[in-house]
Structures are given as C-alpha cells and as structure tokens.
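Notes to accompany the following structure.
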Amino acid sequence: MIYQSLYNNSPSVNFKEATIAGQAPDGGLYFPENIPTLSKAFLNSMQQLTNEEIAYEVMRPYVVNAIPDNVLFDIIQETLNFPIPLVQVKENIFSLEMFHGNTLSFKDIGARFMSRCLGYFVKDNKRKVTVLVATSGDTGGAVADGFYGIDGVQVVIVYPSGKVSAVQEKQLTTFGNNIFAIEVNGTFDDCQRLVKKAFTDKSLKDEIFLTSANSINVARWLPQQFFYFFAFKQWKDKNNPPVASIPSGNFGNICAGVLAMKSGLPIKYFMAACNANDVVPKYLNTHQYIAQQSVSTISNAMDVGDPSNFVRILKMFNSDVNLLKEIFSSVSISDLETKHTIQRVFADDNYLLDPHGAVGFLALEKYLATHPNQQGFFAETAHPIKFNDVVEPLINQTIPTLPSILNMVNKEKKSKKVEVDYEEFHDYLLSIK
Ligand SMILES: *Cc1c(COP(=O)(O)O)cnc(C)c1O
C-alpha cells in the first residue's frame with residue numbers, strides 16, 4: 001500500500017515510512033492510495049473467525065510489503081490482549097466496551113499496534129529511536145504501556161504538572177525502564193510547544209533519532225477499525241445494521257469506523273458525539289470550518305478545538321459535505337446533560353457510563369428517538385474508574401477498584417521536573433540518549 005499526503009506536496013511512502021515519519025514533510029496527513037474492498041465471503045463468515053483472524057484480514061492490505069505476514073499476525077495477537085464486548089444497555093442501545101485494556105481506554109489498541117510495528121521497523125537500527133509525545137492524559141498512558149519493554153525504542157512523555165488525574169499520572173510515571181516522564185511546570189500547550197520545537201531542532205535531530213506517537217500516525221489510526229468489525233461480529237440482527245455513535249475529540253476513532261464502512265462493513269449511520277467543543281457540528285450546519293480554542297469539559301479527552309482527523313473523513317467523500325451528511329451527523333452535548341445521563345442510565349439500567357461514553361450514549365439516544373426502527377451502539381471509550389472524581393459524586397457510590405489500579409497505586413512515581421525552558425528540556429533529552 002502506498003500512502004499520500006493529503007496536502008499533495010510530498011513524495012508517496014509505504015507503511016514503514018509513514019509510521020516512522022508520522023506526518024508528511026508538507027504537514028499533511030498520510031492517506032492510503034486506495035481503500036481495500038473486503039469480500040462478501042469474509043464479511044459473512046466473521047462470526048466463525050477469531051478476533052485475531054478478522055484483524056489480520058482487515059490490516060493486511062495496509063501493511064503488505066512492509067511487514068511479513070507472520071510478523072503481522074504476531075503483532076496483532078499481542079495487540080489484542082483484551083476483550084471488546086458488545087453489551088446491551090437498552091432495548092435498542094448497546095455499549096461497545098473498548099476500555100478493557102491495560103490503561104482502560106480505547107487508545108490501548110492503537111498504541112500497542114504502533115509500538116510493535118515501530119519496534120519491528122527499527123530492530124536492525126544501530127541508533128535507538130526516541131518517541132516523543134506531549135499528553136494531556138490518556139494518550140501518554142496508552143503510549144507508555146504500549147511501548148514498555150520494546151527493544152530499540154525509548155519513550156519520553158511530556159505532561160503538565162498537576163493537570164492530569166491521579167490515575168493518569170501513575171500511568172505515566174511508574175513504568176521506568178525505557179519509559180521516561182517529564183513533568184513540565186506549565187500547561188499542556190507549553191508541553192506541546194516544547195515537543196514541537198524539538199522536532200524542528202536540526203542539531204538535536206542529528207544527535208537523536210526522534211519520532212512521534214501522535215494519534216494521526218497511520219499505525220495508530222488504522223487498527224482502530226478492528227472495533228467496528230468486532231461490533232458487527234457480535235451484532236445479532238445482521239439485516240438491520242447498527243448506527244454507531246462515537247465520542248469524538250480528534251476524530252481518529254470515528255474516522256477508522258468510516259474507513260471500515262468504506263471497505264464494506266455494514267454500518268448504517270455514524271453519529272460523532274462531541275462535548276462543548278463543537279467545531280464539527282457547526283461545520284455540518286453551516287459548511288464553514290472554523291477552528292476554535294479548546295474549552296475544558298468533564299469529558300476532557302475530547303477537548304479538541306481543531307480535530308486533525310476530520311480531513312481524512314472528508315477525503316473519503318471527495319470533500320462533498322452533502323454526500324457525507326447522508327451517513328454522518330454530529331451533535332454537541334453539554335456537561336450538564338452528560339452528568340444527568342450518567343445518573344439516569346445508572347438508575348434506570350444499572351449501567352455505569354464514564355463521561356465520554358455518556359456523551360456517546362445521549363447522542364445515540366437522541367438520534368434513535370427520531371429513527372424508531374433502528375438500533376445502535378455507542379463506543380464506551382474509557383472505564384468510569386478513570387474519571388471517578390466526576391462519576392462517584394453523581395451516583396453517590398464508590399466504584400470498586402480494579403487490579404490494574406491497585407497495582408499502580410503502590411508503585412513509585414518517577415519523573416523529571418522541568419520549567420517551561422527549551423534549553424533544560426533539550427539537555428535532558430541529550431542526557432538519556
Ligand atoms: C482520546 C479519547 C477520545 C477521543 O477519541 P478521538 O479518536 O480523538 O476522537 C474519547 N474518549 C476517550 C476516553 C479518549 O481517551
């Protein structure tokens with residue numbers, strides 16, 4: 001498979017080059033030259049296949065020539081180390097639980113897959129590769145866990161001191177080994193500026209082989225298609241395909257779902273469920289895309305003011321908004337509605353949502369209210385215990401803890417504290433190379 005920059009101003013690359021580079025030199029996102037079509041025979045036989053077999057079939061056309069088949073199969077087996085069940089919540093609403101991985105968010109799939117691909121690509125390199133990533137929370141944990149112990153790769157996670165949750169901080173700082181955490185006395189934007197500066201620092205890049213694990217990387221984006229195939233595998237009424245409601249921030253997860261549909265997977269409709277960060281809902285109404293400053297909400301992994309992956313979705317509809325709107329819409333859900341939804345679904349259905357899943361649930365419920373013969377699932381993207389500070393007061397109960405959380409609590413936090421100072425940051429990177 002060949003990947004082209006969406007800005008059309010960079011050389012085409014293969015999967016290996018796209019994974020190592022992250023973004024094209026012209027600043028565009030990489031996009032596959034063509035979208036593979038899956039055979040009817042495969043789609044009809046999914047119920048008889050294992051998740052690994054399905055994932056292998058889906059991924060193979062995208063990596064062919066870059067990773068040998070047997071290595072790809074091993075990578076997929078290591079990636080899929082947790083179940084992804086479809087759980088009924090209401091008569092017409094199901095929850096696709098994507099959060100059973102090590103760091104309790106759906107990002108584990110993309111991070112595990114990418115880390116193993118990168119490990120394979122650099123295994124014969126003389127130089128160690130350093131993955132540099134700024135995080136406001138969930139990404140850093142999934143990347144740290146995914147890359148832990150991968151030979152030839154070290155990870156530097158840059159996060160704002162005091163601005164991530166207690167669970168998230170433990171997930172960033174307790175690994176050790178090839179995972180390093182830098183705690184910046186500043187905001188997430190400061191962290192991102194330091195990281196961006198490092199990527200453009202030519203003299204630093206002469207010393208260190210730097211790459212990013214950003215969510216736009218094709219090796220994180222493409223495997224997220226698996227979720228949608230596993231949902232359909234578990235879908236009972238195959239003649240009445242599901243509506244999929246996906247809590248969206250940077251629009252990577254939902255973009256993978258749309259890609260799966262373009263390959264032939266039956267999905268009736270997509271609902272992009274947003275919080276107060278409503279660039280896309282506004283765009284679909286006005287046809288004017290106006291990037292915003294992000295605003296803080298209780299579903300903070302979706303606080304994105306200029307979602308990077310939305311251009312990939314447009315690309316799949318030749319940038320024709322009206323065509324897109326035939327199968328796609330987007331709504332904005334307030335924090336107050338999100339809280340009420342968590343309380344109501346817990347009381348009525350005995351199902352505990354996290355704030356992100358609650359946004360997805362309510363968006364789906366609203367859609368189905370005007371489409372009574374349809375059914376759907378929403379993506380439950382994180383375990384509610386990750387957001388216990390929001391959820392527990394709403395339901396007046398504590399959430400039973402999990403082994404993975406207990407395990408972390410006793411581990412020692414290890415981080416390097418720095419000021420918002422590029423020289424200090426730069427010197428630290430050189431000191432661990
Ligand atoms: C990252 C994240 C999202 C948003 O996913 P995108 O692919 O950026 O749209 C939603 N929920 C949780 C819990 C997340 O960590």
Side-chain angles (χ1 to χ4, degrees), residues 1-6 12-15 18-19 22-24 28-40 42-43 46 51 54-64 66 72 76 79-80 84 96 98 106-107 109-111 113-114 117 214-233 235 241-273 280 307-321 323-330 377 379 381:
M1 178 71 79
I2 297 292
Y3 294 82
Q4 285 159 344
S5 165
L6 286 180
S12 299
V13 297
N14 68 11
F15 181 76
T19 297
Q23 202 160 354
L29 270 60
Y30 283 119
F31 196 85
E33 186 185 36
N34 58 67
I35 297 176
T37 309
L38 292 158
S39 70
K40 282 271 177 305
F42 166 70
L43 292 168
M46 273 202 296
N51 281 0
I54 293 170
Y56 174 76
E57 206 62 40
V58 170
M59 208 57 207
R60 195 167 168 271
Y62 290 98
V63 307
V64 73
L72 175 63
I76 280 171
T79 299
L80 297 175
I84 301 166
L96 185 64
M98 303 181 173
F106 80 92
K107 291 190 172 71
I109 286 283
F113 187 82
M114 178 186 168
C117 292
N214 194 295
S215 71
I216 59 166
N217 195 299
V218 293
R220 278 188 60 188
W221 169 47
L222 296 169
Q224 296 174 145
Q225 293 180 91
F226 303 162
F227 295 126
Y228 301 86
F229 286 89
F230 302 163
F232 192 69
K233 175 183 168 182
W235 193 252
V243 174
S245 176
I246 312 301
S248 295
N250 222 2
F251 281 65
N253 192 354
I254 194 167
C255 182
V258 175
L259 183 65
M261 184 198 73
K262 285 276 175 184
S263 296
L265 184 73
I267 301 272
K268 188 167 276 160
Y269 197 80
F270 283 92
M271 173 60 67
V280 171
S308 318
N309 281 292
F310 190 64
V311 287
R312 281 180 168 146
I313 295 177
L314 280 176
K315 166 80 181 171
M316 287 186 262
F317 293 84
N318 297 321
S319 301
D320 181 339
V321 196
L323 207 57
L324 171 66
K325 278 158 69 171
E326 288 176 11
I327 61 102
F328 189 100
S329 61
S330 186
F377 67 84
T381 48

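- Using a 3.5 Å distance cut-off with no hydrogens or angles, the side chains of N309 and R312 do pair a donor with an acceptor.
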Stepwise side chain to side chain contact (heavy atoms under 4.5 Å, CB included) check, V218 with L29: CA-CA 9 Å; V218 293; L29 270 60; over 6 Å; no
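- Scanning both residues, F15 and C117, for their nearest heavy atoms gives CE2-SG, 4.0 Å.
- A distance of 12.0 Å separates CD1 of I313 from OG of S319, quoted to the nearest 0.5 Å.
- In this structure, the side chains of F317 and I327 come closer than 4.5 Å at one or more pairs of heavy atoms.
- The closest donor-acceptor contact from the side chain of E57 to the backbone of I54 lies at 3.5 Å or more, if one exists at all.
- Looking at residues two or more places apart in sequence or on another chain, you find a side chain to side chain contact (heavy atoms under 4.5 Å, CB included) between K325 and L284, H287, V321, N322.
- The distance from the CD atom of Q224 to the SG atom of C255 is 9.0 Å, given to the nearest 0.5 Å.
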Evaluation steps, side chain to side chain contact (heavy atoms under 4.5 Å, CB included), between Y56 and L72: CA-CA 7 Å; Y56 174 76; L72 175 63; 3.8 Å; yes
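- The main-chain N or O of D320 is never found under 3.5 Å from a side-chain atom of N318 such that the two would form a donor-acceptor pair.
- Between F229 and F42, the angle of the ring planes lies from 30° to 60°, which puts this pair in the tilted group.
- For the pair A256 and W221, the tightest heavy-atom approach, listed with the atom from each and the gap, is N-NE1, 3.4 Å.
- With rounding to the nearest 0.5 angstrom, the NZ atom of K315 is 6.0 Å from the CG atom of L6.
- Between I2 and N34, every side-chain heavy-atom pair lies at or beyond the 4.5 Å cut-off.
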Derivation and outcome, side chain to side chain contact (heavy atoms under 4.5 Å, CB included), residues F113 and I76: CA-CA 7 Å; F113 187 82; I76 280 171; 4.1 Å; yes
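- For the atom pair L96 CG and F230 CZ, the distance stands at 10.0 Å (nearest 0.5 Å).
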Can you give the donor-acceptor pairs under 3.5 Å from side chains of residues 258-267 to other protein atoms, not counting sequence neighbours?
residue: K262; atom: NZ; partner: M316; partner atom: O; Å: 3.1
residue: S263; atom: OG; partner: P36; partner atom: O; Å: 3.1
residue: S263; atom: OG; partner: L259; partner atom: O; Å: 3.3

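- Atom-to-atom distance recorded for M1:CE and I35:CD1 is 8.5 Å, nearest 0.5 angstrom.
- Summarising the geometry of P307 relative to G249, their closest heavy-atom pair is CB-O, 3.2 Å, with the distance given to 0.1 Å.
- Distance OG1/T19 to CG/N14: 8.5 Å, rounded to 0.5 Å.
- Classified by interplanar angle (parallel below 30°, tilted 30° to 60°, perpendicular above 60°), the ring pair F251/F310 is perpendicular.
- Taking each heavy atom of Y30 and Q23 in turn, the nearest pair found is CE1-C, 3.7 Å.
- Taking both residues in full, the closest heavy atoms of A379 and M98 are given as CB-CE, 3.5 Å, listed atom of the first, atom of the second, then distance.
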Side chain to side chain contact (heavy atoms under 4.5 Å, CB included) assessment of I84 paired with F227: CA-CA 7 Å; I84 301 166; F227 295 126; 3.9 Å; yes
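- Ring-plane geometry between Y228 and F377 is classed as tilted, the angle between the planes lying from 30 to 60 degrees on a 0 to 90 degree scale.
- Across R220 and N214, no two heavy atoms sit closer than the pair NH1-C, 3.6 Å.
- At least one donor-acceptor pair closer than 3.5 Å links the side chain of Y3 to the backbone N or O of Y62.
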